[in-house]
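Following: one structure in structure tokens, then a few remarks.
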Amino acid sequence: MAIFVGILIAIVGAYVAFLLSTGKSKKRKYIVWGIILMLLISPSISFALGLSFAVITKSGWSALVMLYIFPIMFLAGLIVFFIGLFEKKTVH
């Protein structure tokens, strides 16, 4: 059940990011997706994947794989956020 809650939170976070970035500038989209990726998607996906891996291997210690997944996804969100933050506006 907890695995599905983690996946559900990630899906809801992606949907919220989609709603907040629809019709916005490219810079705003990067910022929104970076924040949502860091705060909602990466913790919940790493939690769900860590628990799934622990259930498959039947070892509670293998759930610590989430400690490796979370920082990688968090850094990806941070990079996306900084791309949006430091991107220059283009005038057409």
Side-chain angles (χ1 to χ4, degrees):
M1 181 69 180
I3 296 169
F4 297 114
V5 172
I7 293 171
L8 181 68
I9 291 171
I11 291 171
V12 169
Y15 182 69
V16 167
F18 174 74
L19 288 178
L20 290 176
S21 65
T22 301
K24 305 293 184 196
S25 67
K26 194 174 181 180
K27 178 176 180 152
R28 177 71 147 216
K29 286 182 183 183
Y30 280 134
I31 291 172
V32 167
W33 276 100
I35 291 171
I36 296 294
L37 187 61
M38 286 187 296
L39 297 180
L40 288 177
I41 296 174
S42 65
S44 59
I45 288 293
S46 65
F47 177 75
L49 288 175
L51 285 185
S52 299
F53 187 65
V55 168
I56 290 169
T57 59
K58 295 180 178 68
S59 171
W61 287 102
S62 60
L64 293 175
V65 74
M66 71 180 74
L67 294 177
Y68 297 109
I69 297 170
F70 175 71
I72 293 169
M73 291 183 68
F74 187 86
L75 284 176
L78 191 64
I79 290 169
V80 170
F81 175 73
F82 281 138
I83 287 172
L85 196 62
F86 294 119
E87 182 177 289
K88 295 180 182 177
K89 288 187 178 182
T90 57
V91 178
H92 291 108

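Just so it is clear, the structure is predicted and the values come from calculations on it, not from any experiment.
- Taken together through direct or relayed side-chain contacts under 4.5 Å among Ile, Leu, Val, Met, Phe, Trp and Tyr, Leu49 and Ile41 form part of one hydrophobic cluster.
- Taking Phe86 as the reference, Phe82 meet the ring-ring contact (aromatic ring centres under 6.0 Å, His included) condition, with sequence neighbours excluded.
- Minimum heavy-atom separation, Tyr30 to Val80: O-CG1, 3.3 Å.
- Using a 4.5 Å cut-off between side-chain heavy atoms of Ile, Leu, Val, Met, Phe, Trp and Tyr, with links allowed through other members, Phe47 and Ile3 fall into the same hydrophobic cluster.
- Shown here are the side-chain contact (heavy atoms from CB on, under 4.5 Å) partners of Leu75, two or more places apart in sequence or in another chain: Leu78.
- Listed by first and then second residue, the side chain to side chain donor-acceptor pair (under 3.5 Å) pairs involving residues 77-86 amount to none (not counting sequence neighbours).
- A distance of 15.0 Å separates NZ of Lys29 from CD1 of Ile83, quoted to the nearest 0.5 Å.
- Rounded to the nearest 0.5 Å, atoms CE (Met1) and CG (Leu51) are 13.0 Å apart.
- Hydrophobic clustering, defined by side-chain heavy atoms of Ile, Leu, Val, Met, Phe, Trp and Tyr closer than 4.5 Å, groups Trp61 together with Leu64, Leu67.
- Residues forming a side chain to side chain donor-acceptor pair (under 3.5 Å) with Ser62 (at least two apart in sequence, or on another chain): Thr57.
- With sequence neighbours excluded, the residues satisfying side-chain contact (heavy atoms from CB on, under 4.5 Å) with Phe81 are Ile31, Ile35, Met38, Leu85.
- Leu37 and Ile7 are assigned to two separate hydrophobic clusters, defined by single-linkage of ILVMFWY side chains at heavy-atom distances under 4.5 Å.
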I'd like a table of donor-acceptor pairs (distance under 3.5 Å, sequence neighbours excluded) in which one partner is a side-chain atom from residues 9-23, with atom names and distances.
| from | atom 1 | to | atom 2 | distance (Å) |
| --- | --- | --- | --- | --- |
| Ser21 | OG | Ala17 | O | 2.8 |
| Ser21 | OG | Phe18 | O | 3.4 |
| Ser21 | OG | Trp33 | NE1 | 3.2 |
| Thr22 | OG1 | Phe18 | O | 2.5 |

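- For the side-chain contact (heavy atoms from CB on, under 4.5 Å) test, residues two or more places apart in sequence or in another chain that qualify with Phe70 are Ser42, Pro43, Ser46, Phe74.
- Lys24 is not listed as a side-chain neighbour of Val32, based on a closest heavy-atom distance of 4.5 Å or more.
- One distance of note links OG of Ser44 with CE of Met73; it measures 7.5 Å at 0.5 Å rounding.
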